[in-house]
J.: 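Sharing a structure below in structure tokens format, with a few things to ask.
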Amino acid sequence: MSEFDLVIRNAHCATAADVFDADIGIKDGRIVALAQGLKSAEGTEEIDAAGRWVLPGGIDGHCHLDQPMNDGSKMADDFLSGTRSAACGGTTTVLPFACQFKGQSLRDAVEDYHRRAKGKASIDYTFHLIVSDPTPDVLNRELPELIKEGYTSFKIYMTYDDLKLNDREVIDVLAVARDHGAMVMVHAENTDCIAWLTERLLKAGHTAPRFHAQSRPMLVEREATHRAISFAELVDVPILIVHVSGREAIEQIRWAQGNGLRIYGETCPQYLFLTADDLGLDDEHDHSHGAKCICSPPPRDKANQQVVWDGLESGVFQVFSSDHAPFTFEGPEGKYAAGADASFDKIPNGVPGLETRLPLLFSHGVLTGRIDICQFVALTSTNVAKMYGLYPKKGSIAIGADADLTIWDTGLDRVIRNADLHHNVDYTPYEGIPVSAWPTLTLSRGKTVWANGQYHGQAGHGQFLHCELPTPARPKSRGQKP
Ligand code: DUC
Ligand code: ZN
Ligand code: ZN
């Protein structure tokens, strides 16, 4: 029997820490050897990566797949099309959400979500929990049990009527996370400010998609971010502020980090590549592009894009996720599920981005010199694995790690076209944006899922991952609270 199933020769590897040249020996889906001039038996499959970057597969720590909606819309991507699209863009692990509806047990939500994933995923996956109804039973029994079983992260919302928690509920959930070592992701926007602004805009007849941005200005995000940070300080627990859109929330996070609080930040491609103008301009009567780009928090302006880039560069952000939330533009379950003349507040929030996340950041971050290759790996893979307890099985090129790898083509001259993507959405908000890097090969546990422009994934190859408790990225810096 051969020592390796596959050897990748002449790999120019980057991890979050190092850049090195090696041959990579893979056996039974894992990396078993890293050496120069690795000997292999005759007939062993080989791939020559000479001249190319070989990186850990991307881990998308925040995406929505087949998440049930209650407004007549339906997510366009399930685990089949979502993981296909992810693999074609170099992502080898996804973390979508098992969402609890108010009145539902968390266990039910988890079981339902397992049914949705079963037999469909072509790459590995795990779930965050969305906690929308923190009853005493959820807090005292369900969450601790689920954390022990490997569901170690949950998302909470400070807005959206069907999901939002009040301040006391936020604190209660943070306290459970602290007691059991889990990670909480916080959607930070002030719900009452949004409701007040929305009411005024609609009363004035301002219903077009562009008013979405005016209903959720940066102060709404800043206030909720500050409040979430204060609660995390009170409880003495780390939290991750997700999908941070611009300067005002970034200032809050930077302040907290500077004061020794364990506050982490996530941002997404929509805050680097879209602006509020993409929601539509004053003189526009065709609202289609605007509806396509409605997401929350909304994209801001050019100056804020630069502030987000600066935050990636300087380390305010630990993770870069897609927040893929796939709704078609056409069709009865898409962006206009509530009717062709639906006002902005009735348009489902979210943009697709699983497949374009890595090529966009590689092209406009690494190849422009804004971030280095190790930062790219950290933001898109390693830190995500550490944050959610998947490291070192995922997120590295190391002996014993899963052979989730990407080989990159750079120096390309292409633009993003929805026609070339593999999701089930009929548009991409990034249409026409140039990219000069794209993975030429994606391996999921040693199996080719994407090669030379062709998808080779198999539904059911993807495995559910039980997460360990997250690896703290920084030592505890504050005294224990009662
Ligand atoms: N905002 C969210 O909070 N979730 C999905 C998509 C979005 O825009
Ligand atoms: Zn959110
Ligand atoms: Zn989201």
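Since we're looking at a predicted model, the values are computed, not measured. Counting starts at 1 for both ligands and their atoms, following the listed order.
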J.: Can you tell me if His187 has an N, O or S atom under 2.8 Å away from the Zn ion (ligand 3)?
T.: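 So His187 does not count as coordinating the Zn ion (ligand 3).
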J.: Just verifying a value: how many Å separate Met387 CE and Leu95 CG, rounded to the nearest 0.5 Å?
T.: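 It comes to 11.0 Å.
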J.: Report, in ascending order of atom number, the atoms of ligand 1 lying under 4.0 Å from any heavy atom of Cys295.
T.: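 Listed by number with element: 8 (O).
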J.: Examine His243 together with His62 and report whether their ring centres are nearer than 6.0 Å.
T.: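 Distance test on ring centres: under 6.0 Å, yes.
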J.: Provide the number and element of each atom of ligand 1 under 4.0 Å from a heavy atom of Ala325.
T.: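 Result: 5 (C), 6 (C).
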J.: Taking the Zn ion (ligand 2) as the vertex, what is the angle from NE2 of His243 to NZ of Lys155, given to 10 degrees?
T.: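 Centred on the Zn ion (ligand 2), the NE2/NZ angle is 120° (to 10°).
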J.: So that I can tick it off, tell me whether Asp167 and Arg227 are bridged by a salt bridge, with the cut-off set at under 4.0 angstrom between side-chain N and carboxylate O.
T.: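 Yes.
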J.: Please tell me whether Phe127 and His114 form a close aromatic pair, meaning their ring centres lie under 6.0 Å apart.
T.: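 Judged by ring-centre distance (under 6.0 Å), Phe127 and His114 do meet the cut-off.
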J.: Hey, what do you get for CG (Leu281) to CZ (Arg210), rounding to the nearest 0.5 Å?
T.: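 The CG atom of Leu281 sits 8.0 Å away from the CZ atom of Arg210.
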J.: Any idea which part of Ile294 is under 4.0 Å from ligand 1, heavy-atom wise: side chain, backbone, both or neither?
T.: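 Neither part.
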J.: Looking at Asp323, which of its N, O or S atoms is the nearest one to the Zn ion (ligand 3)?
T.: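 It is OD1, the N, O or S atom of Asp323 closest to the Zn ion (ligand 3).
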J.: Provide, to 0.1 Å, the distance between atom 2 (C) of ligand 1 and the closest protein heavy atom, together with that atom's residue and name.
T.: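 Its nearest protein heavy-atom neighbour is Tyr160 OH, 3.6 Å.
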J.: Could you list the atoms of ligand 1 found under 4.0 angstrom from a heavy atom of His243?
T.: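 Listed by number with element: 3 (O).
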J.: Show which atoms of ligand 1 fall inside a sub-4.0 Å distance from at least one heavy-atom site of His64.
T.: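 Close to His64: 4 (N), 5 (C).
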J.: Are Phe97 and His128 near enough that their ring centres are under 6.0 Å apart?
T.: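 Yes - the distance between ring centres of Phe97 and His128 falls below the 6.0 Å cut-off.
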J.: Taking the six-membered ring for Trp, is the centroid-to-centroid distance between His206 and Phe344 below 6.0 Å?
T.: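 Not under 6.0 Å, so no.
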J.: Regarding His62, does it place an N, O or S atom less than 2.8 Å from the Zn ion (ligand 3)?
T.: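 Yes.
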J.: Examine Lys74 relative to Phe327 and say whether NZ or CZ is less than 6.0 Å from the centre of the six-membered ring and inside a 45° cone about the ring axis.
T.: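 Not flagged: Lys74 not positioned over aromatic ring of Phe327.
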J.: Provide the number and element of each atom of ligand 1 under 4.0 Å from a heavy atom of Tyr157.
T.: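 Near Tyr157, the atoms of ligand 1 are 3 (O).
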J.: Enumerate the atoms of ligand 1 whose separation from the nearest heavy atom of Lys155 is less than 4.0 angstrom.
T.: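 Reading through ligand 1 atom by atom, the close ones are 3 (O).
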J.: What's the spacing between Arg222 CZ and Asn190 CG if we round to 0.5 Å?
T.: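 Separation between the atoms: 11.0 Å.
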J.: Can you tell which of Pro348, Pro297, Ser296 gets a heavy atom nearest to atom 8 (O) of ligand 1?
T.: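 The nearest heavy atom belongs to Ser296.
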